[in-house]
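Counting from 1, the numbers follow the sequence of the chain as shown.
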Amino acid sequence: LGASTTLSQYVLPAVLSRFRKRYADIRVTVADGNTERIERLVADERIDVGLIEGQAARPSLRYETFMQDELVLVTSAGNRALGRDGMCAADLTSVPLVIRETGSGTLDVVERALAAKGLSLRSLNIEMQLGSTESIKHYLYDSGAAAFLSVQAIREELRHGLLRVIGLSDLSVTRCFSFVVWSICSSASASFIPVRETDAPFVSGMGFRQGFCRRSRKHVRQDSAGTVTVSVRETCRRPRVSLSAVAARDKYVKLPLLRE
């Protein structure tokens with residue numbers, strides 16, 4: 001698995017703990033990083049499934065929402081200079097802000113929400129740019145700055161009175177957490193090697209096409225309804241034998257979740 005920063009630190013650990021109790025014999029390894037890195041790991045097939053917090057960005061990947069999240073503006077509980085009586089989006093231009101690094105799903109969502117209000121990062125007072133939510137929280141403790149953070153990441157800080165939320169009357173920043181996997185359908189259409197009719201005469205008139213997908217290194221076939229089936233036998237290079245023989249001896253498994 002791979003998970004972007006907010007998910008790997010504040011959402012996934014509890015889920016993995018429950019999973020481990022139920023499936024003790026399954027070993028799970030988790031890579032973390034920002035959304036951009038997790039998408040790249042999935043696209044390069046270095047991880048099987050990614051969990052991200054940004055917008056769908058790669059057409060070669062498939063995204064499925066599993067959870068809603070909200071980003072709120074927070075500052076140190078002892079910071080009396082900011083937003084005691086609430087604020088609006090236009091007031092953000094005068095607020096010293098701490099933001100995430102480029103490539104972060106959190107930053108991407110904040111930028112989109114600000115753009116809807118006619119604001120850009122250039123119009124804001126960016127005091128610091130840091131690479132993790134934890135570093136931002138610790139920065140806020142001893143500064144007069146504010147930051148947009150996930151409600152998932154600040155539960156303990158709110159409970160213990162370390163941070164407080166600044167209400168924004170006209171700005172709500174929400175997002176979806178999503179699973180991301182490599183989509184065999186989109187890649188198969190781009191790198192599908194069709195089987196010649198002479199190599200697979202039984203294909204003719206049966207309503208599906210068959211071939212070898214360079215991207216997945218698997219034998220695949222796709223019917224007229226768009227359902228892709230993938231051979232459970234993998235190979236490291238294009239087979240020398242005809243695919244009619246391969247199809248005759250290999251079992252195929254349907255992947256309904258990958259249906260376009």
Check your understanding: Which atom pair, heavy atoms only, marks the closest approach of Leu140 to Ala147?
Key -> CD1-CB, 4.0 Å
Review point. Among all residues two or more places apart in sequence or in another chain, which pass the side chain to side chain donor-acceptor pair (under 3.5 Å) test with Thr65?
Key: none
Practice item. Grab the two heavy atoms, one from Phe66 and one from Leu51, that are nearest each other, plus how far apart they are. Key: CZ-CD2, 3.8 Å
Study note, to complete from the structure: With sequence neighbours left out, the residues meeting side chain to side chain donor-acceptor pair (under 3.5 Å) with Ser8 are none
Check your understanding: With Glu53, which residues qualify under salt bridge (charged side-chain N to carboxylate O under 4.0 Å, His left out), at least two apart?
Key -> Arg175
Exercise for review: Indicate yes or no: at least one non-hydrogen side-chain atom of Val173 is less than 4.5 angstrom from one of Leu73.
Suggested key: no
Point to revise | Counterpart residues, salt bridge (charged side-chain N to carboxylate O under 4.0 Å, His left out), relative to Glu157 (two or more places apart) | key: Lys137
Study note, to complete from the structure: Sorted by chain and number, sequence neighbours left out, salt bridge (charged side-chain N to carboxylate O under 4.0 Å, His left out) with Arg159 holds for Glu156
Check your understanding: Nearest heavy-atom pair of Ala89 and Lys117: which atoms, and what distance?
Key -> CB-CG, 4.1 Å
Review point. Should Val151 and Leu107 be counted in the same cluster of Ile, Leu, Val, Met, Phe, Trp and Tyr side chains packed under 4.5 Å apart?
Key: no
**Study point:** Contacts of type side-chain contact (heavy atoms from CB on, under 4.5 Å), residue Asp142, not counting sequence neighbours
**Key:** none
**Study point:** For Gly50 against Ile47, the heavy-atom pair lying closest together
**Key:** CA-CD1, 4.3 Å
Practice item. Name all residues meeting the side chain to side chain donor-acceptor pair (under 3.5 Å) criterion together with Tyr139; count only those two or more places apart in sequence or in a different chain, and write none if there are none. Key: Glu127
**Study point:** Heavy-atom pair with the smallest gap, counting every atom of Cys88 and Leu168
**Key:** O-CD2, 4.0 Å
Review point. For Asn125, does the CG atom sit with more than 12 other heavy atoms under 6.0 Å from it, leaving out its own atoms?
Key: yes
Point to revise | Residues forming a salt bridge (charged side-chain N to carboxylate O under 4.0 Å, His left out) with Arg112, sequence neighbours excluded | key: Asp108
Point to revise | Qualifying residues under side chain to side chain donor-acceptor pair (under 3.5 Å), relative to Thr75, sequence neighbours excluded | key: Asn79
Point to revise | Side-chain touch Thr133/Ile136, heavy atoms, less than 4.5 angstrom | key: no
**Study point:** Where at least one partner belongs to residues 24-40, residue pairs that pass salt bridge (charged side-chain N to carboxylate O under 4.0 Å, His left out), sequence neighbours excluded
**Key:** none
Contacts table for residues 13-21: side-chain donor-acceptor under 3.5 angstrom, sequence neighbours left out:
from	atom 1	to	atom 2	distance (Å)
Arg20	NH1	Ala24	O	2.8

Please list, one pair per line, the donor and acceptor atoms closer than 3.5 Å that link side chains of residues 94-101 to other protein atoms, with sequence neighbours excluded.
from	atom 1	to	atom 2	distance (Å)
Ser94	OG	Asp91	O	3.0
Arg100	NH2	Thr5	OG1	3.4
Glu101	OE2	Asn34	ND2	3.2

